[in-house]
Structures are given as C-alpha cells and as structure tokens.
A.B. asks: 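Sharing a structure, written as structure tokens. Questions coming.
Labels below follow one simple rule: chain letters A, B, ... track the order of the sequence lines, proteins then strands, and each chain is numbered from 1. Just so you know, these numbers use all the heavy atoms, side chains as well, and skip hydrogens, waters and symmetry mates.
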Number of protein chains: 2
Amino acid sequence: MLKYQEIAHELEKYIEDHKLQQGDKLPVLESLMAQFNVSKSTITKALDLLERKGVVFQVRGSGIFVRRHKRKGYISLLSNQGFQKEIEGFNLTSKVIELDVRKPTQEVAENLNIGPDADIYYVKRVRYIHGQALAFEESFYNKSIVTYLNKEIVSESIFNYISEGLGLKVGFSDMYLHVDKLNEEEAEYLGLKKGDPKLYLESVYHLTNGQPFDFSKLTYNYEQSQFFFQSNSHFF
Amino acid sequence: MLKYQEIAHELEKYIEDHKLQQGDKLPVLESLMAQFNVSKSTITKALDLLERKGVVFQVRGSGIFVRRHKRKGYISLLSNQGFQKEIEGFNLTSKVIELDVRKPTQEVAENLNIGPDADIYYVKRVRYIHGQALAFEESFYNKSIVTYLNKEIVSESIFNYISEGLGLKVGFSDMYLHVDKLNEEEAEYLGLKKGDPKLYLESVYHLTNGQPFDFSKLTYNYEQSQFFFQSNSHFF
DNA sequence: TATTATAATTGTACCGGTCTAATTTATCAA
DNA sequence: TTGATAAATTAGACCGGTACAATTATAATA
C-alpha cells in the first residue's frame with residue numbers, strides 16, 4: 001500500500017480509537033510530518049483523501065479537524081462498492097433469483113457500450129438486511145470483461161471477486177436516482193404493495209481505463225433505505 | 001482565482017467548446033505544462049479537481065480522457081449550492097410561503113449545533129421548474145451567522161447572498177436522503193395526492209470552519225426529480 | 001502471422017523547498 | 001476592559017526535481 005493511503009488509514013484509526021468528536025483538532029502538519037517521517041506533500045495527500053471521504057476538514061491558518069456526522073444507520077452513497085451499510089453490526093445477505101448469459105437490450109447495450117450481439121451476464125437478486133428485503137436488483141455484466149460468474153460468486157460480493165479474482169481494477173461510476181411507484185413484481189419481492197414508493201437507482205460501473213462493465217438497476221424498499229452522502233464545496 | 005482552478009476551468013471549457021466525447025484524449029501532462037506554463041503539480045491539481053467533478057479520468061501510462069455521462073436533465077447531487085439543474089435552459093423559480101425569526105425545535109438546534117434560546121430564520125418555500133412544482137422546502141438558518149434575510153433575498157439564491165453579500169465561505173455539507181409517502185400539506189404544495197411517493201432530503205450546510213449555518217428539509221416531487229451523481233473508487 | 005520480449009510513453013508517488021493567505025495569539029493603546 | 005494592531009501559527013499554492021508503475025508501441029523471435 002502507498003504511503004499516503006497508509007497514513008490516511010492510520011489517522012482514521014487514530015480518530016476512531018481515541019473517539020475524537022466533531023471539531024476536535026488533529027496534530028498540525030509539521031508534527032504529522034515528523035511522526036510519519038514523510039514530506040509535507042505526502043501528509044497533504046493523505047489528508048485530502050480523508051477530506052474527500054468526509055473524515056476531516058482543514059482550515060487554513062487554524063488546523064485539521066474531525067468531521068463526523070451524527071446519524072447512524074444510513075447507507076453511504078459514493079462508497080462505490082455496490083453495498084456497504086454505514087453502520088456496523090449489519091447483516092447483509094442475497095438471494096439469487098436468476099443467473100444466465102444472454103444478449104443485451106438496447107438500453108443495456110448503450111449503458112455498457114457494447115453491440116447488440118455481445119454476451120452479457122444477467123443477474124437478478126433480492127438483497128436482505130437483517131433478514132428483511134432491502135432491495136431488488138438486476139445487474140448486467142459485460143461478459144468479455146467479467147468472463148465468468150456462478151451462483152456462489154453472485155451470492156457473495158461480486159465486486160470483491162472482480163478485483164481479487166479477476167484482477168480487474170474498478171474505477172468510477174455514474175449513478176442515476178429516481179423515485180417512483182412500485183410495480184407488481186417489485187412489490188412482491190420487497191413485501192410491499194403495488195403503488196408504494198420506491199427508490200430506484202441505476203448505476204454504471206467502469207474500470208479504471210474507462211470501460212463500463214456493470215450496469216445495475218436497484219429498487220429499494222423505501223421503509224428500509226436511508227442514504228447518506230457528503231459534499232465538499234471546493235469543487236468550484 | 002488560483003492557477004489550478006483557472007486551468008481547470010479552461011480545460012473544461014476546452015472540452016465543451018470542442019465537443020469532446022467520452023473517451024477522447026486530452027493533451028499529455030507535459031504539453032499542458034508547456035501550454036499553461038506552470039509546473040507539473042499545478043496541472044495535476046487542476047486535473048484532480050476535474051476528476052473529482054467527473055469531467056475527466058486519468059489512466060497511468062495511457063493518458064487523460066474525457067468522462068461524460070450521457071443522460072441529460074438530471075439534477076446533480078453534490079453540487080452543494082442547494083439547487084442547480086445539470087441541464088441548461090432550465091427555469092427555476094421560488095415562491096416564499098413564510099419567513100420569520102423564531103426559536104429552534106430540538107431537532108433544528110441539534111443540527112445547527114445551537115442552544116434552544118438562539119434565534120433562527122425560518123424560511124418556507126416552494127420551488128418550481130418550468131413553472132411546475134419541483135420541491136417543497138423548509139430551511140433553518142443560524143441567525144448569529146446569517147444575520148439578515150428578507151423576502152427578496154430569499155426568493156433568489158440564498159447561497160449567493162451568503163457568500164457574496166455576507167462574505168461567508170461555504171464549506172461542506174451532510175445530506176440525508178429518504179423516500180416516503182407525501183402527507184396532506186406536502187401533497188397540496190406539490191400538486192400531488194397524499195400517499196404518493198416523495199423524495200425527502202435533509203441537508204446540513206457548514207462554513208469552511210465547520211460551523212453549521214443552514215439546516216434544510218426538502219420534499220421533492222417524485223415526477224419531476226431525477227438525480228445524478230458520480231463516484232470515484234479511489235476513496236479506498 | 002502470432003507471440004514474446006524490449007523500449008518508449010505517460011501519469012503517479014514522493015521529496016524538499018519558498019512564498020502566501022487565513023486564522024489565532026500576543027501586544028499595545030484607549 | 002475593550003478594541004485595534006502586530007506577530008506567530010498553520011494550511012495551501014506552487015515550483016522543480018527523481019524515481020516508479022502502468023500502459024502502449026516497437027522490435028525480436030518463433
């Protein structure tokens with residue numbers, strides 16, 4: 001692992017272990033430099049990483065402070081790896097409904113940037129949290145990239161398999177979010193009524209080289225799903 | 001404006017003007033260094049900014065490429081400034097329903113990190129896009145920070161007033177997203193039926209020094225609202 | 001032609017430095 | 001005590017460099 005990532009992890013761990021609260025100050029740059037025995041730019045990179053993750057915020061002339069939101073139990077958008085409950089002690093499981101190789105619809109072909117004759121893996125799953133239906137998911141994988149899938153892989157973390165097993169490097173993703181009413185099929189899978197609200201999320205995942213490999217449609221149970229995300233204004 | 005921000009803007013404009021498509025390659029670092037006559041680290045910072053904005057992605061050993069999602073008409077989450085339609089040619093208006101100074105509820109006090117006796121500005125608005133009700137909004141401003149508001153200010157962009165008029169520097173924000181059913185009042189403001197889906201977003205905006213100054217609750221019309229956001233996996 | 005080894009290209013990590021701008025603390029004056 | 005002023009602190013901008021890793025292009029080999 002790289003130095004700045006290492007340092008970021010250690011700092012995050014430090015904050016966790018010492019139960020630092022929002023607004024608590026971290027050591028100043030110079031002492032961090034001394035402590036980790038690296039140059040300023042390396043510390044800066046580590047802190048930038050943590051800032052983007054929403055762990056700290058930096059104030060010029062003042063210091064580095066802990067940023068921490070109060071509410072627990074929210075799913076973090078932006079943590080890219082499909083699913084990951086913010087809270088600890090969660091219990092996520094999956095049931096695979098369908099898994100096969102097929103040809104893409106036009107919609108899928110467009111999102112995966114492939115031709116109509118290319119093969120794709122189709123995966124249909126229901127996701128559970130603490131045994132309750134959280135989401136209904138349909139995923140489409142470009143088979144020329146994700147060359148092999150089976151039921152075991154698909155009921156675990158596919159992303160882990162993709163990076164560890166296949167040696168692919170996941171890059172960025174585009175996500176589209178809607179709210180709508182549940183149709184009959186979705187309502188059944190989620191144990192709700194037709195017409196009830198749903199949160200609908202479409203994601204296109206890309207490798208680091210920009211190739212899209214996964215197009216996924218997620219329909220969330222509105223009763224179970226609360227999301228959290230952070231924004232930093234210095235985008236502009 | 002800082003050099004790296006300037007460069008980021010120019011590059012973004014360049015991509016726009018030349019209608020570069022997804023995957024198109026930008027000049028290599030060295031030629032950008034020469035073109036803008038700055039050091040490598042400055043170019044790198046500019047590109048990192050653009051990468052975080054989702055404008056480009058960089059591939060080591062290969063080059064810098066345009067990243068561009070296809071769908072138009074989505075509201076970008078993460079662009080912090082309350083509202084801002086992704087698409088151009090939008091037409092956003094507001095109607096102010098209420099505006100007064102009052103004491104905070106416990107919920108508001110907690111989110112703004114103030115005592116129960118502090119004063120807050122309360123603003124209740126309906127937001128329209130192309131004349132159609134897009135969202136119903138309640139905002140709570142810490143009056144000791146946002147010292148003055150009136151109907152004119154509140155019907156325009158408050159964020160603009162806060163930064164330009166009051167000279168405050170907006171930093172980061174925490175956002176909490178839910179889906180639920182509309183209650184009677186919300187349904188009326190949005191021209192929908194009670195029980196229809198709603199997208200509910202709570203935001204806490206902070207100054208660069210970490211002070212929360214704005215707690216806002218937004219109820220979106222599910223028919224009008226589609227959101228877009230991007231994620232970069234190298235958070236980890 | 002296809003495959004493999006080699007070299008060139010290109011972005012990233014990291015160093016160590018100077019200067020600047022925002023903030024905080026200390027100092028002085030009213 | 002208050003308020004203005006100066007000094008010290010601290011993060012950020014920017015430079016120019018070396019070394020490295022991933023990718024791509026080229027050459028060598030079968």
A.B. asks: Calculate the interatomic distance between B:Lys25 atom NZ and D:dT23 atom P; express it in whole Å.
C.D. replies: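 That distance rounds to 13 Å.
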A.B. asks: Does any N or O in the side chain of A:Ser31 come within less than 3.5 Å of the main-chain N or O of A:Pro27, such that one atom is a donor and the other an acceptor?
C.D. replies: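 Such a contact is absent between A:Ser31 side chain and A:Pro27 backbone.
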A.B. asks: Between A:Arg67 and B:Asp174, is there a side-chain N and carboxylate O pair less than 4.0 Å apart?
C.D. replies: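 Looking at B:Asp174 together with A:Arg67, the answer is yes, because their closest N to O distance falls below 4.0 Å.
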A.B. asks: Return the nearest nucleotide to the side chain of A:Ser62; candidates are D:dA22, C:dT23, C:dA22.
C.D. replies: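 Side chain of A:Ser62 sits closest to C:dT23.
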A.B. asks: Taking the side chain of B:Thr42 as heavy atoms from C-beta outward, which of D:dT10, C:dC14, D:dC15 is closest to it?
C.D. replies: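 My answer, after comparing the listed nucleotides, is D:dC15.
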A.B. asks: When all nucleic acid strands are considered with a 4.0 Å heavy-atom cut-off, which category describes B:Lys3: base, sugar-phosphate, or nothing?
C.D. replies: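 Here B:Lys3 touches the backbone only, sparing every base.
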A.B. asks: Please identify each residue that fulfils side-chain hydrogen bond (donor to acceptor under 3.5 Å, both in side chains) with A:Glu12, with sequence neighbours left out.
C.D. replies: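 Listed in chain order: A:Lys53.
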A.B. asks: Does CD in A:Glu30 sit with more than 12 non-hydrogen atoms of other residues, nucleotides or ligands closer than 6.0 Å?
C.D. replies: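 No, not enclosed.
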A.B. asks: Grab the CG-P distance between B:Asn232 and C:dT12 for me, whole Å please.
C.D. replies: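 Value for this atom pair: 12 Å.
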A.B. asks: Roughly how many Å is it from CD in B:Glu30 to P in C:dA8, rounded to a whole number?
C.D. replies: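 The distance from CD of B:Glu30 to P of C:dA8 comes to 15 Å, rounded to the nearest Å.
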A.B. asks: Taking for each residue the nucleotide of DNA chain C with the nearest heavy atom, is it A:Lys45 or B:Thr208 whose nucleotide lies nearer the 5' end?
C.D. replies: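 Comparing both residues, the 5'-ward one is A:Lys45.
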A.B. asks: Would A:Asp24 and A:Arg68 pass as an ion pair if we require N to O under 4.0 Å?
C.D. replies: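 A salt bridge is absent here (no side-chain N lies under 4.0 Å from a carboxylate O).
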A.B. asks: The side chain of B:Lys40 lies closest to which of these nucleotides: D:dG12, C:dT24, D:dT18?
C.D. replies: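 That would be D:dT18.
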A.B. asks: Starting the side chain at C-beta, find the nucleotide from C:dT23, D:dA11, C:dC15 nearest to B:Lys169.
C.D. replies: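 Shortest atom-to-atom distance from the side chain points to C:dT23.
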A.B. asks: Find the bend of the helix from C:dT1-D:dA30 to C:dA30-D:dT1 as the angle between its two terminal axes (five pairs each), to the nearest 10°.
C.D. replies: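 Comparing the first five pairs with the last five, the axes sit 10° apart.
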A.B. asks: Assess, by modelled atom type and distance only, whether the side chains of B:His178 and A:Tyr74 contain a donor and an acceptor separated by less than 3.5 Å.
C.D. replies: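 Yes - a donor-acceptor pair under 3.5 Å links their side chains.
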A.B. asks: When the distance from CG of B:Asp48 to C1' of C:dT12 is rounded to whole Å, what number comes out?
C.D. replies: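 Computing the B:Asp48:CG to C:dT12:C1' distance gives 10 Å.
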A.B. asks: Assess, by modelled atom type and distance only, whether the side chains of B:Arg60 and A:Asn209 contain a donor and an acceptor separated by less than 3.5 Å.
C.D. replies: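 No.
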A.B. asks: Nearest-Å distance, CE (B:Met33) to P (D:dC14)?
C.D. replies: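 For the pair B:Met33 CE and D:dC14 P, the rounded distance is 14 Å.
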A.B. asks: So if I take every side-chain heavy atom of A:Ser39 and compare against C:dC14, D:dC15, D:dA13, which nucleotide ends up nearest?
C.D. replies: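 Minimum distance to the A:Ser39 side chain belongs to C:dC14.
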A.B. asks: Counting only distance, no hydrogens or angles, is the base of C:dT20 paired donor-acceptor with the side chain of A:Arg60 under 3.5 Å?
C.D. replies: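 Answer is yes: a donor-acceptor pair is held.
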A.B. asks: For A:Leu47, which contact category applies under a 4.0 Å heavy-atom criterion: base, sugar-phosphate, or nothing?
C.D. replies: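 Counting heavy atoms under 4.0 Å across all strands, no contact is made by A:Leu47.
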A.B. asks: Just N and O in the side chain of A:Tyr4: are any of them under 4.0 Å from OP1 or OP2 of C:dA13?
C.D. replies: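 Affirmative; the distance criterion is met.
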A.B. asks: Is A:Glu137 salt-bridged to A:Arg125, going by a charged N under 4.0 Å from an acidic O?
C.D. replies: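 So A:Glu137 pairs with A:Arg125 through a salt bridge.
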A.B. asks: Rounding to an integer number of Å, can you tell me how far B:Leu2 CG sits from C:dT20 P?
C.D. replies: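 After rounding, the gap between these two atoms is 14 Å.
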A.B. asks: Output the rounded distance in Å from CG (A:Leu29) to C1' (D:dT10).
C.D. replies: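 My rounded result for the distance is 7 Å.
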A.B. asks: I need the CG-P distance between A:Leu32 and D:dT10, as an integer number of Å.
C.D. replies: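 Rounding to the nearest Å, CG of A:Leu32 and P of D:dT10 are 12 Å apart.
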A.B. asks: Taking for each residue the nucleotide of DNA chain C bearing the nearest heavy atom, is the 5' side occupied by B:Asn209 or by A:Ser41?
C.D. replies: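 Final value for this comparison: A:Ser41.
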A.B. asks: Just compare C:dC14, C:dT23, C:dG11 and give me whichever is closest to any side-chain atom of B:Gln58.
C.D. replies: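 Among C:dC14, C:dT23, C:dG11, the one nearest the side chain of B:Gln58 is C:dG11.
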